[in-house]
Amino acid sequence: MAYKKTKIKYPELYTYDRYECWWEDASSACQWEEIQEAIKSKQQMCFTEGYLIQKSKHNCIFVMSFSGSDIGEKMIIPTKNIKSLKKTGTKTFYAKEFEYETYQN
């Protein structure tokens, strides 16, 4: 009699999409310069890559690190400043992955 192999399912904690985000930010300088040089200045273009945990008409919240239900390296970007937002993947996090013993030899 043949037995069917069953895959063990672990509890899913959350699933988030990963994005590349290009956005504009203010620029400043703390040095003396000629007025004509200052007039040539422009805002800065910035790049953020991370998991989008919330998107609203006001802002997007990205995170780069997870530890169970805690997050680290949070970046809040005003939606009006975003110039390009490109989805690069999706990741599902499982409870088992955050158990320290899982990675012991």
Side-chain angles (χ1 to χ4, degrees):
M1 178 176 210
Y3 290 98
K4 185 177 179 182
K5 217 176 193 183
T6 57
K7 195 172 187 179
I8 298 172
K9 286 193 120 186
Y10 295 104
E12 182 179 313
L13 293 178
Y14 35 79
T15 299
Y16 288 113
D17 295 328
R18 188 173 180 85
Y19 283 87
E20 291 180 347
C21 180
W22 285 96
W23 55 284
E24 68 178 345
D25 198 7
S27 177
S28 64
C30 303
Q31 69 242 11
W32 290 96
E33 62 184 344
E34 295 288 325
I35 292 173
Q36 293 306 316
E37 288 300 311
I39 292 171
K40 295 176 188 175
S41 300
K42 295 186 172 141
Q43 63 274 19
Q44 299 291 310
M45 285 304 300
C46 305
F47 177 80
T48 296
E49 184 177 30
Y51 294 96
L52 182 61
I53 62 169
Q54 182 181 5
K55 182 178 181 181
S56 73
K57 68 178 187 174
H58 301 292
N59 60 49
C60 288
I61 302 176
F62 295 91
V63 297
M64 291 65 164
S65 298
F66 295 90
S67 180
S69 62
D70 294 333
I71 56 99
E73 302 171 78
K74 175 180 68 176
M75 175 64 103
I76 302 170
I77 302 171
T79 303
K80 63 184 177 184
N81 290 27
I82 295 176
K83 300 301 179 189
S84 172
L85 191 59
K86 179 183 172 189
K87 183 177 170 181
T88 60
T90 300
K91 169 83 172 130
T92 299
F93 295 88
Y94 296 93
K96 177 99 173 143
E97 294 174 312
F98 292 101
E99 294 175 10
Y100 181 74
E101 293 76 22
T102 302
Y103 301 96
Q104 296 299 306
N105 293 332

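Note that the coordinates shown come from a computational prediction; the quantities given were computed from them, not determined experimentally.
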May I ask whether [X] and [Y] are part of the same hydrophobic cluster, defined by side-chain heavy atoms of I, L, V, M, F, W, Y residues being less than 4.5 angstrom apart, directly or through others?
| X | Y | answer |
| --- | --- | --- |
| V63 | M75 | no |
| L52 | L13 | no |
| M45 | L85 | no |
| Y16 | I71 | yes |
| I77 | I53 | no |

Quiz item: Side chains of E12 and T92: is there a donor and an acceptor less than 3.5 Å apart?
Solution: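 Their side chains do not contain a donor-acceptor pair, so the 3.5 Å distance test is not met.
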Quiz item: If we ignore angles and hydrogens, is there a donor and acceptor under 3.5 Å between the side chains of T90 and D17?
Solution: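 Distance-only check passes for T90 and D17.
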How far apart are the closest heavy atoms of [X] and [Y], and which atoms are they?
| X | Y | value |
| --- | --- | --- |
| E49 | M64 | O-CG, 3.6 Å |
| Q44 | A26 | CG-O, 4.3 Å |
| K55 | C60 | CG-SG, 3.6 Å |
| C46 | D25 | SG-CB, 3.7 Å |
| F98 | F66 | CE2-O, 3.7 Å |
| E33 | E37 | OE1-CB, 4.1 Å |

Quiz item: Would you say T88's side chain and R18's backbone share a donor-acceptor pair under 3.5 angstrom?
Solution: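 Side chain of T88 to backbone of R18: a pair is present.
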Practice problem: Please confirm whether the backbone N or O of Y94 pairs with a side-chain atom of E97, one donor and one acceptor, at under 3.5 Å? | Solution: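 Yes.
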Exercise. Give a yes or no on this: more than 12 heavy atoms of other residues, nucleotides or ligands lie within 6.0 Å of atom NZ of K74.
Key: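 For K74, atom NZ is not crowded (no more than 12 foreign heavy atoms under 6.0 Å).
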Practice problem: Check whether any side-chain heavy atom of Y51 lies under 4.5 Å from a side-chain heavy atom of F93, and answer yes or no. | Solution: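 Yes, at least one pair of side-chain atoms sits under 4.5 Å.
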Look up atom [atom1] in [X] and atom [atom2] in [Y], then write down how far apart they are to the nearest 0.5 Å.
| X | Y | atom1 | atom2 | answer |
| --- | --- | --- | --- | --- |
| I76 | Q54 | CD1 | CD | 9.0 Å |
| K86 | C21 | NZ | SG | 13.0 Å |
| K57 | K80 | NZ | NZ | 12.0 Å |

